[in-house]
Each structure stands twice: as structure tokens, then as C-alpha cells.
Amino acid sequence: MKNFVKALLGSAAVAMFAVPASAATLDDVKAKGHVQCGVNTGLIGFSAPDDQGNWKGLDVDFCRAVAAAIFDDPEAVQFTPLSAKDRFTALQSGEVDVLSRNTTWTISRDTALGLNFAGVTYYDGQGFMINAKKLQGINSALQLSGAAVCVQAGTTTELNLADYFKANNMEYSPVVFEKFEEVNAAYDAGRCDVYTTDQSGLYAVRLNLTNPDDHIVLPEIISKEPLGPVVRHGDDQWLDIVKWVYYALVNAEELGVSQANLEEKMNSDNPEVRRLLGTEDGSKLGTDLGLTNDFAVRAIKHVGNYGEIFERNVGADSPLKISRGINALWTKGGLQYGMPIR
Amino acid sequence: MATPQSTVEGAAPRVPLFYDPRVRGIAYQVLVFAGLVALIYWIIGNTSANLQRANIASGFDFLQGRAGFDIGDSLVEYSSDSTYGRALFVGFLNTLRVAIIGILTATIIGFIIGIGRLSKNWLINRICLVYVEVFRNIPPLLVIFFWYFGVLSVLPSPRESIDLPLGSYLNSRGLYFPRFLWGEGAWLVLLGLVLGLVFAFFVRRWAHKRQMTTGEQFPVFWTSAGLIVGLPLLAFIVTGLPLSFEFPALSTFNLQGGIQVRPEFLALYLALSFYTAAFIAEIVRAGVLGVSHGQSEAAQALGLRSGQSMRLVIIPQALRIIIPPLTSQYLNLTKNSSLAVAIGYPDLVATGGTTLNQTGQAIEVVAIWLVVYLGLSLGTAALMNWYNARMALVER
């Protein structure tokens with residue numbers, strides 16, 4: 001009896017004090033030896049496994065860059081494929097360390113959901129795709145009144161769609177699925193007339209349809225969709241790390257530092273390049289971040305600068321062939337602007 | 001007899017309270033209860049502390065917020081301007097709709113198949129056996145996929161709809177019926193229907209009473225049918241046929257007008273009905289076989305025809321065996337309806353999931369799910385228990 005009471009009180013006491021001591025995410029990541037990264041279940045160009053089962057894409061490469069900056073190893077990352085509906089819960093509950101899953105930056109996600117966006121790795125906008133062969137004569141989204149529209153549940157897309165049709169006094173019948181693959185299958189099977197998601201996503205989806213050439217993306221872009229990596233609220237150091245890995249990649253492109261010429265640039269005299277690569281004497285820029293001074297070198301060495309990541313996954317070197325557009329550097333008329341590293 | 005006992009009691013040394021089994025029993029219960037309360041208190045405290053630390057909003061205020069998303073299938077008025085609470089209510093009604101219609105259909109199919117399994121006709125018997133073995137041994141999710149992807153999604157596009165009788169159409173977007181548009185005076189028809197039902201009820205009571213006292217029978221079925229159909233029909237003719245139809249017609253994209261039954265609902269409803277019917281069939285068979293053979297022999301000896309002996313002797317007794325396991329099948333069907341999320345039918349789990357994702361209030365939404373499903377299940381169980389008590393053998 002006494003032992004029983006002791007055991008009971010003891011376990012109660014342990015439970016009282018066992019409020020999960022939320023160690024810094026960086027320490028957790030270092031302790032387990034890899035970054036746990038939440039990605040899309042299969043969006044070509046952003047995050048999809050290739051035929052050998054390796055994850056490929058812009059969102060995936062960003063996670064690899066973070067892993068490389070910490071561990072000097074782009075393979076020190078594990079991917080958790082998440083549906084649109086599960087992604088925030090997975091991040092909030094600590095199942096993933098960073099969510100890099102074409103996620104739109106909005107105020108409510110930043111506040112009420114307890115998240116922090118680290119930057120915008122891809123500026124996108126929502127569009128519509130239709131089967132031009134079946135629906136001849138339709139060349140504008142304003143002709144879509146009465147259509148059945150396929151959309152993924154729990155996305156900003158779903159909300160923009162409702163707003164757009166309401167604002168233009170049009171009717172539609174939503175066909176909503178939880179999983180990306182289910183939406184694709186339903187559209188391909190003709191369950192709905194229109195597919196709506198971010199425009200980059202439409203191009204990616206089109207590649208996998210039965211007859212890709214039958215489908216056209218309508219010209220209207222109905223929303224702003226700034227997509228970027230997300231972390232949990234409350235760990236400033238981890239937010240800084242994710243944020244500055246991204247800025248380092250953008251700055252590297254601006255300064256002309258690439259995977260190919262990295263060795264050569266290590267001896268550069270340009271003070272900006274020296275600060276980025278941590279070769280400046282007595283520099284503490286990287287260690288102040290909680291990493292090493294060569295964190296940017298590690299990231300660039302393994303995955304390349306922002307421009308290289310873009311071209312490889314969604315740009316000219318990929319099946320998607322999306323032009324840089326507003327995702328060009330600010331020096332070239334785009335919106336990608338790396339904060340100064342100094 | 002009292003003396004030896006009292007001496008023993010008086011002589012016994014005073015037992016410390018600690019060793020009194022009664023006191024100890026209570027003490028254990030109090031301890032366990034206190035531990036449980038402490039645990040719950042700790043879980044709630046820990047959760048709210050963690051939510052606060054992570055800056056995640058909590059509370060049920062979000063139910064008043066504008067939902068912003070549309071729902072394809074709704075029994076009540078709903079638009080993207082409605083609240084999250086309304087969206088959840090729409091989902092709840094959709095769950096309820098598929099559960100109730102599914103339960104009715106599954107019961108009917110189940111009884112037919114179950115009786116068919118007992119048939120002496122070899123072909124009927126085997127067909128029912130195959131039905132039961134096929135549907136009982138496939139996971140319900142696959143049955144749903146079978147109906148959705150295997151049957152409904154291969155139907156033709158709206159432009160090549162299959163014409164059904166009475167101005168109905170079937171295509172990959174669902175089943176379309178003409179809509180009844182009631183004109184002036186239509187309430188009289190409804191009144192006729194209600195009156196017909198009430199009269200039929202009283203006729204049945206009166207006939208039962210008369211048969212009990214005089215032994216004379218009265219054609220209750222035909223009289224009731226006449227009242228229930230005849231009175232509304234009379235009102236319908238008197239008010240000058242106040243009924244017109246709105247037929248579905250092809251527009252740019254879909255068939256417009258009429259009533260649309262979406263394929264997501266059809267797939268879920270058919271799958272749940274067919275799946276659960278396989279279990280109900282076995283329960284019905286067990287129930288009928290559970291009534292001893294002597295009962296049907298006794299019924300025959302009394303001169304009852306086979307239909308009468310089934311209806312008056314076998315089924316009432318079989319029901320006592322059937323109802324309790326039937327209840328759990330009804331609960332299963334209701335709970336399985338949450339598989340709707342796999343094919344995009346907007347049930348409570350689907351609309352709740354979207355709400356959860358847009359507001360991030362996971363704990364609150366999950367709590368609502370739990371409470372609603374628990375309430376539905378307890379409600380069904382209470383109803384079935386009441387029915388069971390009515391059907392139970394009354395011993396006099």
C-alpha cells in the first residue's frame with residue numbers, strides 16, 4: 001500500500017514537472033542529426049519524389065539548403081509529405097521543424113495559427129485551367145458561371161475561389177477533395193469543368209493529365225499567393241536561421257556566386273562576397289546565428305544559389321519551363337530581394 | 001444465536017481503521033478518483049499553457065467568424081458569407097442525411113438478403129451467400145471507392161447524359177430529377193395527407209379493438225391505403241392540380257434546374273448501404289434461425305398460412321434476437337460515414353477539417369467532432385433500446 005501510494009505520488013510529481021521543456025529547435029535538430037521538413041505530397045517542380053524515390057523540387061531544395069547550412073550535408077533532411085489540411089497541425093505539434101510546402105503567407109496564419117513565415121521563395125497567383133477541347137469558346141474566367149470547380153480543401157485557393165465568383169456575380173458548384181492527388185484524378189475524370197490552384201501548380205498538374213495538350217490555363221490571375229517556408233512561433237533563433245539561409249541564397253545569386261564558381265569566389269576581394277561566404281577576418285555573422293561562419297558556403301556548395309534552384313526545378317531546365325517573371329531578382333525587375341548580410 | 005456472535009464481536013481486539021476492508025475499499029476509490037482529477041487538470045493546464053506559449057488562439061469564438069469557403073452539398077441555406085458554426089451545422093446535417101437514408105436502405109436490403117439466405121431455392125440462396133461474403137470481406141473504404149471511381153465516375157459527361165424516365169438524367173455529375181413546384185392551394189394536399197394518416201391510425205385501433213372483442217376482421221390495410229392516397233388526391237383535384245415541374249436542362253457546363261443528387265453522396269450512400277446490409281443479412285438469418293422450429297410447427301397447427309406465421313409468430317420472436325446486434329450495425333454505419341472525406345462528400349469531418357485548417361483551432365474542432373459523434377451514437381442506441389424494450393418478451 002505504502003509503496004503504491006509512493007509510486008502514485010511520485011508519478012504525479014513527475015507529471016507535474018514534465019511540461020515539455022521546449023528546447024530550441026536548433027538543438028533538437030542537431031541532437032537528432034537531421035532537419036524534419038514538411039513538403040507537398042507530389043507537386044512537380046516544388047516537391048515530388050522522382051522515379052528513384054528521391055525528393056525533388058524548389059521547396060525540397062530549400063530544405064536541403066537549410067540542412068546543408070547546419071550539417072554540411074544536403075541529405076541530413078527527412079521529408080514528411082503533408083496534405084494541405086494537415087500541414088499546420090504537423091508544424092504546430094512539432095512533427096516537422098520547417099514547413100516548405102508551397103504555403104501562402106497570410107495574416108491569420110502568421111497570428112492565430114501561431115506560425116512565422118520566413119520569406120517568399122516563390123511569388124505565385126491563383127489561376128484556372130479548363131479542358132479547351134470539351135469547352136470550346138471559353139477563353140476567360142468570367143465565362144465560367146455555372147461550372148463545377150475542382151479545388152483542394154483547406155487552402156487559400158478555396159477561399160479566393162468563393163470570393164472571385166461572388167465578386168463577379170457568378171455561380172459555381174465546388175467539388176472539394178482533401179488530397180491533391182484526388183483533385184487531379186477528379187479533374188482528369190471529368191468530374192468538374194475547371195481546376196483551380198496556384199498557376200505554377202496548374203502547369204505542374206497539366207503535365208500529368210491524360211492529354212496535357214487539351215487543357216489551357218486561362219489568363220486571369222485572381223489572387224496574390226506568396227509561397228514560402230514556415231516555422232513555429234516562439235523560437236526566434238530557428239526563424240532567423242531559416243530566414244537567413246533564404247536571404248543568403250538570394251544574395252548569392254545577386255553577387256554572382258554559384259555552385260560552379262564557389263571555389264574561385266572563396267578568394268574574392270569583394271567585401272560583400274567575403275561577408276556572405278564568411279571569409280572576412282574576425283566575422284561572427286554565422287556564429288551569431290547559431291551556425292558556423294561558412295553556413296552560406298555549405299548551402300551554395302550543395303544546392304546552388306536561388307537562381308540555380310529556380311531554373312533546375314521550375315525554370316528553363318525543368319519540364320515546367322516557367323519564366324522568372326516576378327520571381328526575378330529586384331535588380332532585374334522582379335521581387336526577389338535579399339536583405340544585406342553584414 | 002445472538003449471544004455467541006455478540007461475544008465474539010465484543011472480544012475481538014479493535015481493528016485499526018486501516019485494515020477495515022470497507023474503509024480500505026472507499027480509500028482506494030477516493031485515491032483513484034483524485035488521481036484521475038489531477039491528471040485531467042494537468043492535461044488541461046498543460047495544453048492551454050502550450051497553446052499560449054505557441055501563440056495559438058483558443059476558445060470557441062471562431063464559430064462566429066465568416067467561413068469564406070463554399071460547400072457543394074447543403075440541405076440548408078449556406079454561402080461563403082455564413083459562419084464557421086453554420087458550416088459545421090451543414091456538415092452535421094449531411095452526416096445525418098447519409099446516415100438515416102443509409103440505415104433505412106441497409107435494413108431493407110439486409111432483411112431481403114437475410115431471408116434469401118434461408119430460401120430453399122438454390123439460386124437465390126447462393127446469390128445471397130455471394131453477396132454477403134463479398135461485401136462483408138471488403139473494407140468499407142474500398143466499397144466507397146468502387147462506387148465512386150468504378151461506377152459513377154465512368155458515367156458519360158453532362159452533354160451525353162443518359163436519359164431516364166420522367167425527365168430524369170444520369171451523368172458523371174450525378175443524378176438529376178425534375179423539381180416539383182407547388183402552386184396555390186397546395187397546402188390542402190398536405191392537409192389531406194395528414195388527415196389520411198390520422199384517420200388510418202384510428203381505423204387501425206378501432207379494428208384491433210373490434211377483432212379482440214368480436215373476432216371479426218376488418219380490411220385495415222386497404223382502408224388505410226385508400227385514406228392516405230385518396231384524401232390528398234381528392235384535395236389535389238379539388239384545388240385544380242396546383243403542380244408544375246422544373247425539368248433539368250443543359251446549360252454551358254452542366255444540367256441546370258431540377259434536383260441534383262451529387263455522385264459523392266450517391267457513392268457514399270450506396271457503399272454504406274450495401275456494406276452494412278451484408279452484416280444485417282447475417283443478423284437477420286441468425287435471428288430467424290434462433291426461433292425454435294416448434295414455433296413454426298405450432299403456427300401451422302393453428303392453421304396460420306406461411307406468410308401469417310412468418311409475420312405473426314416468427315418475426316416478432318426473431319426481432320428480439322435481431323435488435324441488439326442491429327443497433328451496433330446502425331452505429332457502425334453512422335461512424336463509417338466519416339469515410340466521406342475520401343471522396344469529397346461534405347460531411348461533418350470534411351467541413352470540420354476545412355474549418356480546422358482555416359482557423360487552426362484543432363482542439364476545439366476535434367472536441368466538436370467527438371461530442372457530435374458520441375451524441376449521435378448515444379441517441380441511436382437510446383432509440384434502439386426503447387424499441388428493444390417494446391419488442392422484448394413481456395412475461396405475464
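So you know, we letter chains A, B, ... as the sequences are listed, proteins then strands, and number each from 1.
- Between A/Lys85 and B/Ala350 the shortest heavy-atom distance is NZ-O, 4.1 Å.
- Using modelled atom types, no side-chain atom of B/Arg173 and backbone atom of A/Ala148 make a donor-acceptor pair closer than 3.5 Å.
- B/Glu264 touches chain A through its side chain: at least one heavy atom from C-beta onward sits under 4.5 Å away, while N, CA, C and O do not.
- Listed here is the closest heavy atom pair of B/Ala67 and A/Leu159: O-CD2, 3.8 Å.
- With a threshold of 4.5 angstrom between heavy atoms, A/Ser145 approaches chain B through N, CA, C or O but not through any side-chain atom.
- B/Gln358 places a side-chain N or O within donor-acceptor distance of the main-chain N or O of A/Thr155, the cut-off being under 3.5 Å.
- Contact annotation: the side chain of A/Arg191 approaches that of B/Pro263 to within less than 4.5 Å [non-hydrogen atoms, C-beta and beyond].
- The pair A/Lys166-B/Asp70 does not count as a salt bridge, with every side-chain nitrogen at least 4.0 angstrom from each carboxylate oxygen.
- Residue B/Tyr148 touches chain A through its side chain alone, counting heavy-atom pairs closer than 4.5 Å.
- The line from CD of A/Glu158 to CG of B/Asn357 is 8.5 Å long, rounded to the nearest 0.5 Å.
- For the set A/Ala162, A/Ala186, A/Pro174, the count of heavy-atom pairs under 4.5 angstrom toward chain B peaks at A/Pro174.
- At a 4.5 Å heavy-atom cutoff, the contact between B/Asp81 and chain A is made by side-chain atoms alone.
- Using a 4.5 Å cut-off between heavy atoms, B/Thr359 touches chain A through its backbone atoms (N, CA, C, O) alone.
- With rounding to the nearest 0.5 Å, the separation of CD in A/Glu182 from CZ in B/Phe149 is 6.5 Å.
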